[in-house]
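In what follows, a single structure is set out as structure tokens and then discussed.
Residue numbers count from 1 along this sequence.
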Amino acid sequence: MRFNFLIYTAIAATLTMQSCDKGFEDMNVNPDASTNIVPEYMFSKSLLDALNNSWFATDVLACSGSMQQFATYKDVPGIGDKYYFQQGTYPYDFFTTGYPNAVNEISTVINALDASETNKLSISRIWRAFIMSRLTDLYGDIPYSEAAKGYTGNVFTPKYDAQQAIYADMLKELDESATALDASKATFGPGDYIYQGNVSRWKKFAYSLMLRLGMRMSKVDAASSQAWVQKAIAGGVITDDADIATMKYTDGTALNRNPRAAALISNDYGVADGKSNTEGGKLAQTFINMLKNNNDPRLNVIAIVWKDGKADTTTALQSGMPNGLLLKPDNFVAYSEPNPATILQYTAPIIVMSAAEVNLYLAEAAVRGWYAGDAAASFANAIGASMRNWAKFGAAGVIADSRITAYQAAHVLAGTNAQQLEMIGNEYYVSLFLDGQQIHANWRRLGYPAITPVNIPGNITGGSIPRRLLYPPSEESVNAASLQEAVNRQGANLMTTRVWWDKE
């Protein structure tokens, strides 16, 4: 199995301490540590760590809670559900875990590669842009140009770059890297768990990420947004199922399991009885109602209700729990949960970039007049791709072709531009389920779906849906000057402060 490449002791490069006392050198040497960086191993680890970075706290509790796809009646995990933050580390887990792991690892790979290793270097730069884009979209201004330079440049208090500058550089990195990819040169091969070294697919991933980032700027800089969107489309993006970026997992050791399934099971759904949920979580009313009201066949592969000790996918039984509850409801067991036969499978994949997401960007670009393609066709393609993706989660995820075509026929993109953008925004909400960060980002940009916020006593946003996460307190003590510069430029370190591209 390709996960045999993941031997953490071979991946982690460490420096050996030197002793001042002659004769003790051997005692200070770790025989299992490598004194040299092995880029191939480190790249593999960066892939895994980027996709296993605080997903439950960030995507489920914070982003998907805010977007009312998940709900909890408890207060401690209520950062997104009821805009609570009384204890824990939920608002900054992604920051504190991301830098020492995925960011440091991919930066180490880039530093260790020779300039002649064109494909390895280009793919690493593309992956770094992916990692950094998720960090900046959550927090706004972040350490970027000086990130991970503690070892190489003795930079222990990195500056926070303005998000506008970060976006400009990420787009440049994607442009240069996609152009430099050369199918005749070596790649990471089987150590590349996403594309197994397929250069043409990495190029499509790079341009698809460029499309995502270009569209992200639509509200703050329409001219630049349009230019980057058009460049990405011209470069060639992911529109077919064969090209989607997917991380596959196997069962067995914890290292090989899907981290999302593992997190959901360990934090909430391990007992599998519908009533013993550790964090009090269920699928949310807003999300379930949208699926039911649209007769969406994805409901039956996403949601179950525990009935007579069995997971039941019957549409009529599905019921989402309201967000903002302060006490466990008497009918808690009757609310919908993630389907154990699909979402909670350790062997389920993580879809990193889907044809569904990209086709929605194409539909949106066409509605905006930035793309000559057929907006309605791209929208229908997005729906089909999203529904087919669930088959990757196992037999229980297969949606019949007849149900797909019936749904497409009943949901044709039409109406005014505003009405079409609303339909597209609503489809992002469903198609990207489990990627709470992208759903939250597209909601901040488009304002769809229309979500009614909760306003529970003690919340820290004044009843407003959060716009960003919080910088960690550790930055106030170890990097205070740089942090303060970012706060002065961007705004207070609050969940209601808008990042650069989230313009009112």
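- Note that the SG atom of Cys63 and the CG atom of Asp137 stand 10.0 Å from one another [nearest 0.5 Å].
- Salt bridge status for Glu357 with Arg212: present, with a side-chain N to carboxylate O gap under 4.0 Å.
- Around NZ of Lys503, the count of heavy atoms belonging to other residues, nucleotides or ligands within 6.0 Å does not exceed 12.
- No side-chain N or O of Gln438 forms a donor-acceptor pair with one of Asn442 less than 3.5 Å apart.
- The only member of Thr72, Asp81, Thr452, Thr286 that meets side chain to side chain donor-acceptor pair (under 3.5 Å) when paired with Asn323 is Asp81.
- Without hydrogens or angle criteria, Asp169 side chain to Ala165 main chain gives no donor-acceptor distance under 3.5 Å.
- Aromatic ring orientation, Phe95 versus Tyr160: parallel (interplanar angle below 30°, classes split at 30° and 60°).
- Each of Arg216, Arg445, Lys219 was evaluated against Asp502; a single residue qualifies, Lys219, per the side chain to side chain donor-acceptor pair (under 3.5 Å) test.
- Ring geometry, Phe287 versus Tyr429: the interplanar angle exceeds 60°, so the pair is classed perpendicular (tilted spans 30 to 60°).
- In this pair, Trp443 and His440 present their aromatic rings parallel. The plane angle is below 30°, not in the 30 to 60° band.
- Within 6.0 Å of NZ in Lys203 there are more than 12 heavy atoms belonging to other residues, nucleotides or ligands.
- The closest donor-acceptor contact from the side chain of Ser107 to the backbone of Asn104 lies at 3.5 Å or more, if one exists at all.
- Taking the ring centre of Tyr361 as origin, the terminal cationic atom of Arg368 falls outside the region bounded by 6.0 Å and 45° from the ring axis.
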